[in-house]
Amino acid sequence: MKQQLAQILTDVVQQLKDQGVIPEDAAPRIHVENTRDKAHGDFATNLAMMLTKMAGMPPRDLAQKIIDLLQNSSIIEKVEIAGPGFINFFVNDSAKFDVVGQVFEKADDYGRCNVGQGKSVLVEFVSANPTGPLHVGHGRGAAYGASVANLLDAAGFDVCREYYVNDAGRQMDILATSVWLRYLEQCGEEFAFPSNGYKGDYIFDIASQVRNQFAETLQKPAFEVFAGITADEGQDDGDKEKHIDDLIEKAKHLLGSQYYDVLQIAINSILGDIKDDLEGFNVRFDNWFSERSLMDTGVIDAALEKLQKAGKIYEKGGALWFRSTDYGDEKDRVVVRDNGLKTYFASDIAYHFNKLERGFDVLIDIWGSDHHGYIPRVRAAMEAMETNPEQLEVLLVQFAVLYRGGEKVAMSTRSGQFVTLRELREEVGADAARFFYVQRKSEQHMDFDLDLAKSQSNDNPVYYIQYAHARICRVLEQAVDKGYRLDLEQGMANLNLLTAEHETALATELAKYPEVIARAAVVYEPHQIAYYLKDLANGLHSYYNASQFIVEDDNLRQARLTLISAVKQVLKNGLALLDVSAPQSM
RNA sequence: GCGCCCGUAGCUCAAUUGGAUAGAGUACUCGGCUACGAACCGAGCGGUUAGGGGUUCGACUCCCUUCGGGCGCGCCA
C-alpha cells in the first residue's frame, strides 16, 4: 500500500518537472511514513516541505498543487494538508484488510523480503575463548547475533553463522596448566595455586576427567614442578605473569606430548559445554572456525605475505609491524614479535583474509564493546588487502551490568566469579532470557536485574506476547468445540463486516510487519521486532476485551476468527525471528 | 591526557533514522471478570530529552562546548 502511494507520488514529481515547478534534475527521496496519530490519516508524506525551497513556494501551497496532480486511486479515500505542509492520506477500510489474504498466502514466509538480494553474509558472533563456561555477558552477544542473523535471513540475505574458536595461544596454555595443577592437587600434591590461573569450579571437573583417563601417570612431585619458578604475586620479587609462564614451560617440559592431551581434554570439555549451552539457548551455528587451523594450513603466512607485497610490513626492533597508520589507525601494530611468535592480531588478519577468500559479500563481526579500539586496525588490514571498506561491518554489544539485591555484581572470568549463561537460562528460561536481551539496542548500556528476571519472570514482556498467541489458539479451539470451525474462505469473503476501530487497527498493524523486518534488518536492530510484537499483542488483547469473537452471526464470526488467525500467524513469525517459542497454551 | 559509546517520566527502555502534541512497561491512584483464559483491558498521574550555543521550514536525532557515566589506549588475547 505504501509502495502504491510512493509510486503515485513519483508520478506527481515527474509532472512537477514537466510543468517547470521544480528543476528537471531534482531527485527527491519519496518518503511515505506511517502516521503516529490516527487524526493524521493512515500515511503521510513530507514531499511538499522537501521541495519547498526548490519550487520557491510555501510548503502548504505546494502541497495543494501536489494534491491537485494526484491521480484517482481506489485505495485513497481522502487527502488532507496538515501542519506545516504534510500531506495526509486516508485509506479506505476494504483496502486495509487486503493484508489478511497475504498473510495466509505466505504463511510462515509472510514478512520475508528481498532487500538482501541473495547477497552472502558471514555473521560471526559469540566467539568467546574456550577457557570457561559462557557467562551472562556472552549471552547478550549470543542473543543479539542470533537474532540479527535471523533478520538478515528474513530480509533475503544468504546467511552463514560462525563461531571463531580461539583455541591457540597463551590463554590455552594457562588453561591446560591450571587443569594440570588441579589434577596434581587431586593426586595429593600440595602447593599454592597460581594467582593468574583459572580458578573456576569447572577446572576441577576437567581435572577429574584427566584423572579418569590417565590415573596418576601425569603426577609429578610439587617440589619438582615449582623448582626454579619465578615467585607469584604477593611474594618478594613476585610477578604473576612470569610465574604462570614459567609454570606453563615446566608443564610442557615435564609432560612432553601428554601436555597436549591435557590441553585437548580441556578444550573439548569446555567447547562441548559451550555448544550444549548455546543449543539450549536456541543459538545455532553453521560453522565453528578454529584459530589453530589458520596456523596449520599456513593461512597466516599467506595473509602476511599479501600485506608484505603491498608494502605495508616493516621491521623494527626485531619485530614485524603492519603499517596500519596508513589507514587511519593511531599507531602501527606488531604482527610478529621479536621472539618469532605471531600476535593475536596476525591470526585475526588471517581469519578475515580467509573469510574474504571464502567469497562472502559482507562480513559482520559482533564484538563486545570493550573491543572497539580494535576496529581501526582490522579495518586497516581489510583495506590493505584491497577490499571495499563497506564489506566489513563491526557491530558492538555493550556488556550487561548485573544487579543483585540492588548491588552491582562484579564479574571476572579469571577469578571464577560470574553468573553463567546456563544459570540464567535455568532460572528464567531460554525464551525470557532471549527476549530480555534483545529488547534493548545493542550499543545501549543495559541493566540486568537478576532478582527481577528471576523472581518476577511472569512480568517479563515475552509472556505478554506469548499469551496473545496462546489466547488465539484457545479461542479457535473453543470455536471448534462449539461446532464453529474456522472457515478461512468464508471469513475472507466477509472481512468487510469488520469496521470497528480495533479491527482496522489490527489490520494496519499486520501490514506494517514486512517493512519492520526490512528496516530492522538493514540497521541490525532486532529490538524493533520486540517492540513491534508488543504492539501487535496489545492490539489483540484490546480487541479481545472489547468484543466477542464467537458470536451467533455466521459471517461476522468467521471474519473475526479469520482476522485473529492472521494475527496468530504474524506473532508466530515474529517470535521465530527471536527464537522464542509461540505456545498453544501456557 | 587522547579516542569511541552513552545520558530521554521516580525506575527500565522506545521514538519509523531530520518530522506533527517525545511514547511503552513498571511504580502509584481509580475502574472493568455469571462472556472465547484477568499472565488481560480502560482511565489518570508523571518531561526544560544532562546544561548551553549553533545549523533550518522543523532537532531527542546533525555540528561545537561544558558536566556526568562506561570502555579502550601492550611485542596480551
Side-chain angles (χ1 to χ4, degrees), chain A residues 31-37 39-40 44-46 48-50 52-53 58-60 82-86 88 129 131 166 168-172 174 241 291 316-321 330-331 333-339 341-345 347-348 368-376 396 398-399 401 439-441 443-449 452 456 458-461 463-464 466-468 470-479 481-482 484 512 515-516 519-520 522-523 525 527-528 530-532 534-535 537-538 540-551 560-561 564 585-586:
Chain A
H31 189 60
V32 180
E33 61 186 14
N34 301 84
T35 54
R36 298 175 203 249
D37 187 339
H40 299 143
T45 182
N46 59 355
M49 292 182 290
M50 304 256 297
T52 185
K53 195 171 274 181
R60 287 186 68 104
F86 287 100
N88 293 337
N129 287 346
T131 55
N166 296 115
R170 182 166 175 257
Q171 297 304 322
M172 287 297 97
I174 295 177
E241 303 293 345
E291 179 186 0
K316 190 180 88 181
L320 289 184
W321 298 69
E330 306 178 327
K331 53 173 291 192
R333 308 291 175 177
V334 172
V335 287
V336 181
R337 300 203 289 258
D338 57 6
N339 62 8
L341 291 178
K342 283 144 188 148
T343 60
Y344 175 83
F345 180 45
S347 297
D348 230 4
S369 62
D370 54 336
H371 287 78
H372 71 262
Y374 202 71
I375 297 174
L396 299 177
Q398 284 281 355
F399 279 144
V401 180
Q439 251 184 304
R440 285 126 169 94
K441 255 184 179 162
E443 73 267 30
Q444 185 74 252
H445 294 114
M446 168 179 165
D447 287 347
F448 201 126
D449 188 329
L452 185 74
Q456 299 185 23
N458 278 5
D459 288 342
N460 194 302
Y463 292 93
Y464 181 81
Q466 292 181 314
Y467 183 49
R471 213 172 204 184
I472 295 169
C473 292
R474 283 294 293 159
V475 170
L476 295 174
E477 279 174 31
Q478 286 286 327
D481 289 348
K482 293 179 180 175
Y484 295 142
K512 277 188 204 165
E515 44 187 273
V516 170
R519 193 171 57 233
V522 297
V523 291
E525 292 185 352
H527 76 273
Q528 291 193 30
Y531 276 85
Y532 170 80
K534 278 192 258 186
D535 286 345
N538 175 250
L540 186 278
H541 288 310
S542 298
Y543 182 32
Y544 180 94
N545 276 280
S547 52
Q548 204 168 344
F549 306 145
I550 303 176
V551 292
R560 288 181 173 169
L561 292 181
I564 64 169
S585 65
M586 47 196 291

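Throughout, a chain's letter reflects where its sequence line sits, starting with A, and its residues are numbered from 1.
- Atoms OH (A:Y344) and C1' (B:C76) sit 11 Å apart, rounded to a whole Å.
- Mapped onto RNA chain B by nearest heavy atom, A:K534 and A:L476 fall at different nucleotides, with A:K534 at the one closer to the 5' end.
- When the C1' atom is compared between B:G74 and B:U16, the two are found 44 Å apart, to the nearest whole Å.
- Applying the Watson-Crick and G-U wobble criteria (two distances, each under 3.5 Å), B:G42 pairs with B:C30.
- In this structure, CZ of A:F86 is placed 13 Å from P of B:U16, rounded to the nearest angstrom.
- Here the separation of B:A20 from B:C67, taken at their C1' atoms, is 32 Å to the nearest Å.
- Between B:G74 and A:R337, no contact under 4.0 Å exists linking OP1 or OP2 to a side-chain N or O.
- In terms of polar N and O atoms assigned as donor or acceptor, the side chain of A:Q444 never comes within less than 3.5 Å of the base of B:U12 in a complementary pairing.
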- [ ] Step by step, work out the side-chain contact (heavy atoms from CB on, under 4.5 Å) result for A:Y374 and A:D348.
- [x] CA-CA 11 Å; A:Y374 202 71; A:D348 230 4; 3.2 Å; yes
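- The side chain of A:H40 contributes no N or O atom lying less than 4.0 Å from OP1 or OP2 of B:G19.
- When both distances must be under 3.5 Å, the Watson-Crick or G-U wobble mate of B:C4 is B:G70.
- Annotation: ring pair (Phe, Tyr, Trp, His ring centres under 6.0 Å) contacts of A:H541 (sequence neighbours excluded): A:Y464, A:Y467.
- Between A:R560 atom CZ and B:C36 atom C1' the separation is 12 Å, expressed in whole Å.
- A:E515 has no carboxylate O lying under 4.0 Å from a charged side-chain N of A:K512, or vice versa, which leaves the two without a salt bridge.
- For B:A15, the OP1/OP2 oxygens have a side-chain nitrogen or oxygen of A:K441 closer than 4.0 Å.
- Look at A:Y467 and you'll find a side-chain N or O under 4.0 angstrom from OP1 or OP2 of B:A39.
- Contacts of A:F399 classified as ring pair (Phe, Tyr, Trp, His ring centres under 6.0 Å), with partners at least two apart in sequence or in another chain: none.
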Produce the list of close N/O pairs, under 3.5 Å, pairing protein atoms with atoms of nucleotides 29-35 of chain B; give distances to one decimal.
unit_1, atom_1, unit_2, atom_2, d
B:A35, O2', A:Q548, NE2, 3.0

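- In the set B:A15, B:U16, B:U17, B:U16 carries the atom at the smallest distance from any side-chain atom of A:R519.
- Applying the 90° cutoff around 0 to the glycosidic angle, B:U17 is assigned syn.
- Here A:S369 pairs with A:Q398 under the side-chain hydrogen bond (donor to acceptor under 3.5 Å, both in side chains) rule; sequence neighbours left out.
- Judged by Watson-Crick or G-U wobble contacts below 3.5 Å, the nucleotide B:A24 has B:U12 as its partner.
- Within the 4.0 Å cut-off from OP1 or OP2 of B:C41, at least one side-chain nitrogen or oxygen of A:Y464 is found.
- Distances were taken from every side-chain heavy atom of A:N129 (C-beta onward) to each of B:G37, B:A14, B:A77; the shortest belongs to B:A77.
- By the side-chain hydrogen bond (donor to acceptor under 3.5 Å, both in side chains) test, A:Y543 is found to be paired with A:E503, residues two or more places apart in sequence or in another chain being considered.
- Counting any heavy atom pair closer than 4.0 Å across all strands shown, A:N88 reaches a base atom.
- Across all strands, A:F345 comes closer than 4.0 Å to no nucleic acid atom at all (heavy-atom distances).
- With rounding to whole Å, A:E525 atom CD is found 6 Å from B:A15 atom P.
- Contacts of A:V336 classified as side chain to side chain contact (heavy atoms under 4.5 Å, CB included), with partners at least two apart in sequence or in another chain: A:L304, A:L320, A:K342.
- Using a 4.0 Å heavy-atom criterion, one finds that A:A82 contacts the bases of the nucleic acid, with or without backbone contacts as well.
- Here the separation of B:U8 from B:G52, taken at their P atoms, is 16 Å to the nearest Å.
- Using cut-offs of 30° and 60° on the angle between ring planes, the pair A:Y544 and A:F549 is perpendicular.
- Rounded to whole Å, atom P of B:A20 lies 13 Å from atom CG of A:N34.
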Task: Evaluation steps, side-chain contact (heavy atoms from CB on, under 4.5 Å), between A:V516 and A:Y531 - done: CA-CA 10 Å; A:V516 170; A:Y531 276 85; over 6 Å; no
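- When the P atom is compared between B:G53 and B:A59, the two are found 14 Å apart, to the nearest whole Å.
- What separates CD1 of A:I174 from P of B:A77 is a distance of 10 Å, to the nearest Å.
- On the C1' atoms, B:G68 is 11 Å away from B:C6, given to the nearest whole Å.
- Taking only side-chain nitrogens and oxygens, A:R471 never comes nearer than 4.0 Å to OP1 or OP2 of B:G37.
- With sequence neighbours excluded, the residues forming a side chain to side chain contact (heavy atoms under 4.5 Å, CB included) with A:E525 are A:K441, A:V523, A:H527, A:Q528, listed by chain and number.
- With P as the reference atom, B:U61 and B:G51 are 11 Å apart, rounded to whole Å.
- Heavy atoms of A:N538 sit under 4.0 angstrom from primed sugar atoms or phosphate atoms, though from no base atom.
- Remark: B:U56 base-pairs with no nucleotide in the shown strands. Criterion, Watson-Crick or G-U wobble with two distances under 3.5 Å.
- A:M586 comes within 4.0 angstrom of a nucleotide base, judged by non-hydrogen atoms across all strands.
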Atom pairs, protein N/O to nucleotides 69-71 of chain B N/O, distance under 3.5 Å:
unit_1, atom_1, unit_2, atom_2, d
B:C71, O2, A:H372, NE2, 3.4

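- B:C76 is unpaired under the criterion used here, namely a Watson-Crick or G-U wobble arrangement in which both key atom distances are under 3.5 Å.
- Using a 4.5 Å heavy-atom cutoff, the side chains of A:P376 and A:E330 are not in contact.
- One can place OH of A:Y531 at 19 Å from P of B:A22, the figure rounded to the nearest angstrom.
- OP1 and OP2 of B:G23 both lie 4.0 Å or more from every side-chain N or O belonging to A:R36.
- Comparing the same atom, P, in B:U49 and in B:G23 gives a spacing of 13 Å after rounding to whole Å.
- With A:R560 contributing its side chain and A:Q548 its backbone, the two residues share a donor-acceptor pair below 3.5 Å.
- An OP1 or OP2 oxygen of B:C75 is reached within less than 4.0 angstrom by a side-chain nitrogen or oxygen of A:K331.
- Side-chain contact, A:S347 with A:E291: a donor N or O sits under 3.5 Å from an acceptor N or O.
- Scored by the side chain to side chain contact (heavy atoms under 4.5 Å, CB included) test, A:R60 finds A:I81 as partners (sequence neighbours excluded).
- Spacing between atom CG of A:D37 and atom C1' of B:A22 amounts to 13 Å, rounded to whole angstrom units.
- Across B:G42 and B:G3, the matching P atoms stand 49 Å from one another, rounded to whole Å.
- A close approach under 4.0 Å does occur between a side-chain nitrogen or oxygen of A:Y544 and OP1 or OP2 of B:A38.
- Put simply, A:H31 has no side-chain N or O that comes within less than 4.0 Å of OP1 or OP2 on B:U16.
- A:T45 comes within 4.0 angstrom of nothing in the nucleic acid, heavy atoms only.
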